[in-house]
> 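Take this structure first; my questions come after.
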Amino acid sequence: MAQQTIITVPSSDVLPGGEVILKQSNRFSPFGNGFVSLTPQAIIGTGKGTEISVGAGTTIDDKTEVKLNLTAKKVFKIKRSTRFTVGGTLTPSLTEGKNPDSMIYAHGSYLIRKTKTTLTAGGFVGGKSEMPSLTGVMLGIDQTIIPNKLRVVADWVSRDESWGAFAAGLKIRPEPTTSITTAVVIPNNNEDRVAFSISLSKYVGKILPEKVKDEPDESL
């Protein structure tokens with residue numbers, strides 16, 4: 001998903017209005033015939049706890065497929081440690097004449113401040129080349145090891161479709177505006193291949209006019 005994520009599950013982090021993150025996500029597998037997936041994207045804060053993102057993913061497998069990845073989410077700050085997030089994604093193919101993949105989700109996140117642990121749980125309705133019709137669950141954990149430097153993260157999405165997988169890895173912040181996420185992704189479907197993921201995110205600041213004044217986002 002082309003947005004701020006734990007690994008594969010959308011996170012409850014949201015950019016203030018007008019602020020932008022540029023992200024390059026890469027996934028590859030050396031197993032079987034192997035594959036490589038490359039997804040550059042831009043994540044844009046639109047104000048009032050919302051953000052959108054636009055990306056284009058190229059997967060090189062036994063054939064090459066290019067898909068747009070369009071997402072939006074809204075984050076409600078219930079209390080200082082609790083957030084509720086709703087969102088959706090639409091993924092039309094640019095190389096194949098078929099209906100787009102789609103997903104709508106909602107989840108809650110709670111920060112245990114004493115241990116600096118964020119727990120996320122929720123559900124989704126998704127569809128492969130069709131309107132959302134298949135239901136499932138998503139879970140995540142984000143554990144801070146060194147504040148603003150190192151976090152251990154893991155998430156799981158149910159079902160055997162391409163989005164269903166367990167992922168675990170590290171989020172590393174070498175400097176304040178740069179984040180690197182590395183992870184292993186284990187699919188729920190035994191026929192799919194275990195893959196490795198690495199993404200680089202760069203916060204580029206406020207480059208769009210802010211129409212709505214947001215409070216600073218205290219990320220969970």
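Position 1 is the first residue of the sequence; numbering continues from there.
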> What heavy-atom pair brings V75 and S12 nearest, and what distance separates the two atoms?
CG1-O, 3.6 Å

> Are L68 and I60 in one and the same hydrophobic cluster, where Ile, Leu, Val, Met, Phe, Trp and Tyr link if side-chain heavy atoms are under 4.5 Å apart?
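As far as the 4.5 Å side-chain criterion goes, I60 and L68 are not connected within one cluster.
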
> Look at the side chain of E51 and the backbone N and O of L15, then say whether any donor-acceptor pair between them is shorter than 3.5 Å.
yes

> Mind checking salt bridge (Lys or Arg N to Asp or Glu O under 4.0 Å) for K202 and listing every partner two or more places apart, or none if nothing turns up?
E175

> Hey, could you give me each pair passing salt bridge (Lys or Arg N to Asp or Glu O under 4.0 Å) that has a residue in residues 189-198? Not counting sequence neighbours.
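Qualifying pairs: D61-R193.
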
> Mind checking the CG-CD spacing from L38 to Q24? Nearest 0.5 Å is all I need.
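It comes to 6.0 Å.
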
> Is it possible for you to say whether V9 and V153 belong to one hydrophobic cluster, with membership spreading through side-chain heavy-atom contacts below 4.5 Å?
yes

> V125 and M138: same hydrophobic cluster, using ILVMFWY side-chain contacts below 4.5 Å?
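No, V125 and M138 fall in different hydrophobic clusters.
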
> Hey, is the main chain of K74 close enough, under 3.5 Å, to the side chain of K48 for a donor-acceptor pair?
no

> Find out if a path of hydrophobic residues (ILVMFWY) with successive side-chain heavy-atom gaps under 4.5 Å connects V54 to V66.
no

> Could you pull out all residues at least two apart from R27 that satisfy salt bridge (Lys or Arg N to Asp or Glu O under 4.0 Å)?
none

> For residues 165-173, which side-chain N or O atoms pair as donor and acceptor with protein atoms under 3.5 Å away, sequence neighbours left out?
from : atom 1 : to   : atom 2 : distance (Å)
K171 : NZ     : T5   : O      : 3.2
K171 : NZ     : I6   : O      : 3.2
K171 : NZ     : T181 : OG1    : 3.2

> Could you report the tightest heavy-atom contact between S11 and K73, atom names first, then the distance?
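Heavy-atom minimum between the residues: O-NZ, 2.7 Å.
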
> Closest heavy-atom contact between F35 and A195?
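That closest heavy-atom pairing would be CZ-CB, 3.8 Å.
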
> Count the heavy atoms belonging to other residues, nucleotides or ligands that lie under 6.0 Å from NZ of K116, then report whether that count exceeds 12.
no

> For M103, is there any backbone N or O sitting under 3.5 Å from a side-chain donor or acceptor partner on T89?
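No, the answer is negative, given that no donor and acceptor are paired below the 3.5 Å cut-off.
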
> Got a sec, which residues hit salt bridge (Lys or Arg N to Asp or Glu O under 4.0 Å) with E96, two or more places apart in sequence or on another chain?
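Only K63, K98 meet the salt bridge (Lys or Arg N to Asp or Glu O under 4.0 Å) criterion with E96.
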
> Report the residues that fulfil salt bridge (Lys or Arg N to Asp or Glu O under 4.0 Å) with K128, sequence neighbours left out, ordered by chain and then residue number.
D101

> Could you state the interatomic distance from CG (L119) to CG (D142), rounded to the nearest 0.5 Å?
9.5 Å

> So which atom in R151 and which in D13 form the shortest heavy-atom distance, rounded to 0.1 Å?
NH2-OD2, 4.4 Å

> For a quick test of reading the model, state the closest non-hydrogen atom pair linking E65 to S93 and the distance between them.
OE2-OG, 3.3 Å

> If the plane angle is over 60° it's perpendicular, under 30° parallel, otherwise tilted; pick one for F28 and F196.
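Ring orientation of F28 relative to F196: tilted.
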
> Identify the heavy atoms of G57 and T39 that sit nearest to each other, and give their distance.
CA-OG1, 3.4 Å

